[in-house]
Amino acid sequence: MHTRRKFLYFFSTHNISQSRISHQLNAFSQLNPFYETPKTLNPFRVLPQYAPFSTQASKFPEYEMPTVTWGVIQGRKEKLVSRVIVFDYLKGLGIIPDELQDLELPSTVEVMRERVEFLMKLGLTVDDINEYPLMLGCSVRKNIIPVLGYLEKIGIPRSKLGEFINSYPQVLHASVIVELVPVVRFLRGLDVEKDDIGYVLQKYPELLGFKLEGTMSTSVAYLVSVGVNPRDIGPMVTQYPYLLGMRVGTVIKPMVDYLVSLGLLKKILARMLEKRAYILGYDLEETVKPNVDCLISFGVRRECLASVIAQYPQIIGLPLKAKLSSQQYFFSLKLKIDPEGFARVMEKMPQVVSLHQNVIMKPVEFLIGRGIPASDVASMVIKCPQLVAVRVELMKISYYFFKSEMGRPMNELVEFPEYFTYSLESRIKPRYQRLKSKGIRCSLNWMLNCSDQRFEERLQGNYIETESVGPSFNMGGKLDLPGNAIVSDDEEESDDEVLYRRTVSL
């Protein structure tokens with residue numbers, strides 16, 4: 001320390017000769033074998049090895065290096081005095097420094113001022129700093145600038161950096177190489193797209209503070225064990241990154257076990273989670289279980305719960321009691337459908353709980369306007385709830401073809417309302433023309449409720465069956481269609497199955 005002070009003393013003397021400086025540098029180099037004599041003998045010029053840390057503007061105009069980067073070497077008494085002065089400065093700005101008592105702080109007001117001004121340039125306010133005053137212990141050069149540069153590099157827009165720091169200020173204490181880079185590599189290893197990394201971290205910045213061998217790895221491993229495709233983990237994380245912070249034992253597994261207890265097969269549950277990972281964020285005790293009880297109280301049969309949840313997973317996270325009460329009253333008042341009928345509608349199309357009432361009324365009013373009695377319309381909706389989600393423009397085209405081209409009685413529509421859910425151009429017209437050319441007259445159900453292959457077999461007389469109800473949903477398998485027993489497993493997906501999938505996606 002004595003030798004260092006002598007060296008600093010010679011550099012602070014303005015009237016020494018060049019030869020004396022050279023002599024003293026040589027003497028110092030003999031005392032310190034690790035010291036290399038600089039090429040220049042001008043002690044007031046920035047040494048070459050420190051040039052990268054000069055105070056000139058960096059490539060980030062907003063991130064200018066501080067002009068003061070270190071304090072004066074002080075004794076204990078001087079440190080106490082300096083701390084009081086720095087604290088008075090912070091208090092003058094409205095910053096409460098109570099949490100900074102045990103923190104290593106700059107010894108001068110100038111350095112602290114530059115830290116505060118730098119943070120404020122990012123968009124932080126005094127209130128934001130007071131929320132986490134420990135950020136004032138971060139060096140602009142050593143902590144803040146490296147972290148900001150890396151965050152921008154991985155896709156967080158510069159305009160959002162202040163917001164990011166405000167939501168997760170602890171990141172300023174992190175080491176880029178030791179802590180931040182491994183987390184980003186972990187996310188990429190889960191198949192999170194490179195362009196999505198910034199988006200994921202903005203949604204859930206706390207990920208940058210997680211340990212790789214802890215909650216994140218355990219959550220992923222458990223989801224894969226349930227049946228989630230490993231290649232779908234990346235899209236799941238992009239959609240709902242919070243799942244990486246959920247504990248398996250207290251959050252994920254209890255949710256999975258409860259849904260399985262309702263009759264959901266794990267492979268179906270895995271498909272649900274792949275598409276709607278946010279289901280894991282629903283509170284099991286406060287939301288999910290009360291919603292299931294609510295469905296039962298409104299008449300949904302227990303054996304149908306699994307089907308209802310599989311068709312519309314969001315239903316277990318809605319404010320369900322209020323929605324069901326409103327829709328049940330609406331169905332009773334406007335559609336003349338009693339509570340039991342409403343329960344059957346819910347079992348077949350649970351999405352109806354979230355449909356706007358004016359949307360529901362449009363197809364209903366169209367059918368009533370065609371002369372169909374309100375009681376028959378109610379029966380049609382109970383048989384085929386998808387009617388209330390069909391666009392009226394398409395219903396009109398299908399109806400006029402039914403009346404003008406097919407010339408069939410209205411009661412056939414009442415008996416088979418699913419007619420309006422089939423495509424006129426790709427299903428109804430072609431099949432009607434084939435039947436007409438052969439002089440065959442059959443019911444709408446027989447004509448439409450089968451795959452193209454089955455329809456050809458019927459025309460050739462190779463397949464005879466009695467008419468049955470429309471498609472129904474079975475957990476763990478395909479839709480049950482008439483004559484299901486003789487349909488091979490490799491038969492192409494029928495239009496009814498396509499219709500179901502489209503209904504589920506509403």
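This chain uses plain numbering: 1 for the first residue, then up along the sequence.
- Across L124 and M135, no two heavy atoms sit closer than the pair CD2-SD, 3.5 Å.
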Validation: residues 224-239 side-chain donor-acceptor distances under 3.5 Å, sequence neighbours left out:
from : atom 1 : to   : atom 2 : distance (Å)
S225 : OG     : Y222 : O      : 2.5
N229 : OD1    : R231 : N      : 3.0
T238 : OG1    : G234 : O      : 3.0
Q239 : OE1    : A277 : N      : 2.9
Q239 : NE2    : K275 : O      : 3.0

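- For the atom pair CD1 of I156 and CZ of F164, the computed distance is 4.0 Å after rounding to the nearest 0.5 Å.
- Here L148 contributes atom CG and R158 contributes atom CZ; the two are 9.5 Å apart, rounded to the nearest 0.5 Å.
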task = Determine, stepwise, if the pair L90 / L100 fulfils side-chain contact (heavy atoms from CB on, under 4.5 Å).
result = CA-CA 11 Å; L90 294 175; L100 305 177; 3.9 Å; yes
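- Annotation: the span from L265 atom CG to M272 atom CE amounts to 11.5 Å, rounded to 0.5 Å.
- Remark: E393 CD is packed, more than 12 non-hydrogen atoms of other residues, nucleotides or ligands lying under 6.0 Å away.
- With a 4.5 Å cut-off on side-chain heavy atoms, N143 and V147 do not count as touching.
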task = Tell me, with the steps shown, if K121 and E117 meet salt bridge (Lys or Arg N to Asp or Glu O under 4.0 Å).
result = CA-CA 6 Å; K121 283 182 180 179; E117 290 177 353; over 6 Å; no
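- Within 6.0 Å of CD in E340 there are 12 or fewer heavy atoms belonging to other residues, nucleotides or ligands.
- Between the side chain of E347 and the backbone N or O of R301, at least one donor-acceptor pair lies under 3.5 Å.
- For the pair K203 and Y242, the cation does not sit on the ring face, since its NZ or CZ is not both under 6.0 Å from the ring centre and inside 45° of the axis.
- Among all heavy-atom pairs drawn from G317 and N291, the shortest one is N-ND2, 3.7 Å.
- Between C294 and L324 the shortest side-chain heavy-atom distance falls below 4.5 Å.
- Between Y312 and M349, every side-chain heavy-atom pair lies at or beyond the 4.5 Å cut-off.
- Listed here is the closest heavy atom pair of Q202 and P157: NE2-CD, 3.7 Å.
- At least one side-chain heavy atom of L136 sits less than 4.5 Å from a side-chain heavy atom of L119.
- Taking 4.5 Å as the limit, every side-chain heavy atom of P363 sits out of range of all side-chain heavy atoms of V390.
- Within 6.0 Å of atom CD in Q357, more than 12 heavy atoms from other residues, nucleotides or ligands are found, so the atom counts as buried in its surroundings.
- Atoms CZ and NZ, from R271 and K266 in turn, are 13.0 Å apart once rounded to the nearest 0.5 Å.
- Of all the heavy atoms in V352 and Q327, the pair that sits closest is O-NE2, 2.8 Å.
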message = The test is side-chain contact (heavy atoms from CB on, under 4.5 Å); show your working for I316 and T287 and say whether it passes.
response = CA-CA 7 Å; I316 60 176; T287 304; over 6 Å; no
request  = Starting from the C-alpha separation in whole Å, work towards a yes-or-no answer on side-chain contact (heavy atoms from CB on, under 4.5 Å) for L93 and I129.
outcome  = CA-CA 11 Å; L93 296 176; I129 295 175; over 6 Å; no
Which atom pairs, one a donor and one an acceptor, fall under 3.5 Å between side chains of residues 207-218 and the rest of the protein, sequence neighbours left out?
from : atom 1 : to   : atom 2 : distance (Å)
S217 : OG     : L212 : O      : 2.3
T218 : OG1    : G214 : O      : 3.0

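- Here the shortest heavy-atom pairing between F87 and Q101 reads CE2-NE2, 3.4 Å.
- Judged by distance alone, the side chain of D196 and the main-chain N or O of Y199 form no donor-acceptor pair under 3.5 Å.
- Annotation: side chain of L320 is in contact with side chain of L295 (closest heavy-atom distance under 4.5 Å).
- Screening L335, I337, L355 for a side-chain contact (heavy atoms from CB on, under 4.5 Å) involving F330 leaves a single residue, L335.
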Name the atoms and distances for all side-chain donor-acceptor pairs under 3.5 Å in residues 170-193, with sequence neighbours left out.
from : atom 1 : to   : atom 2 : distance (Å)
H173 : NE2    : Y132 : OH     : 3.1
S175 : OG     : V178 : N      : 3.2
E179 : OE1    : S175 : N      : 2.7
R188 : NH1    : V192 : O      : 2.7

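- Looking only at distances, no side-chain donor or acceptor of E114 sits under 3.5 Å from a matching main-chain atom of V109.
- The shortest side-chain heavy-atom distance between L284 and P254 falls under the 4.5 Å cut-off.
- Of the inter-residue distances, the one linking D98 atom CG with I96 atom CD1 reads 6.5 Å to the nearest 0.5 angstrom.
- Between S332 and Q328, the side chains place no donor N or O within less than 3.5 Å of an acceptor N or O (distance only, hydrogens not considered).
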inquiry  = Could you go through L259 and M255, starting from their C-alpha distance and side-chain angles, then the distance that decides it, and tell me whether this counts as side-chain contact (heavy atoms from CB on, under 4.5 Å)?
reply    = CA-CA 6 Å; L259 294 177; M255 175 69 79; 4.2 Å; yes
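- A heavy-atom distance below 4.5 Å is not found between the side chains of D283 and V288.
- Of all the heavy atoms in S139 and R115, the pair that sits closest is CA-NH2, 3.8 Å.
- Contacts classified as ring pair (Phe, Tyr, Trp, His ring centres under 6.0 Å) and involving residues 133-157 (residues at least two apart or in different chains) are not found.
- Side-chain N or O atoms of S219 include one that pairs as donor or acceptor with a backbone N or O of M246 at under 3.5 Å.
- Residue R141 holds its CZ atom at 11.0 Å from CZ of F118, rounded to the nearest 0.5 Å.
- By the side chain to side chain contact (heavy atoms under 4.5 Å, CB included) test, K362 pairs with V392, sequence neighbours left out.
- The side-chain hydrogen bond (donor to acceptor under 3.5 Å, both in side chains) analysis of residues 245-256, with sequence neighbours excluded, yields the pairs K253-D257.
- No side-chain donor-acceptor contact under 3.5 Å links N166 to the backbone of E163.
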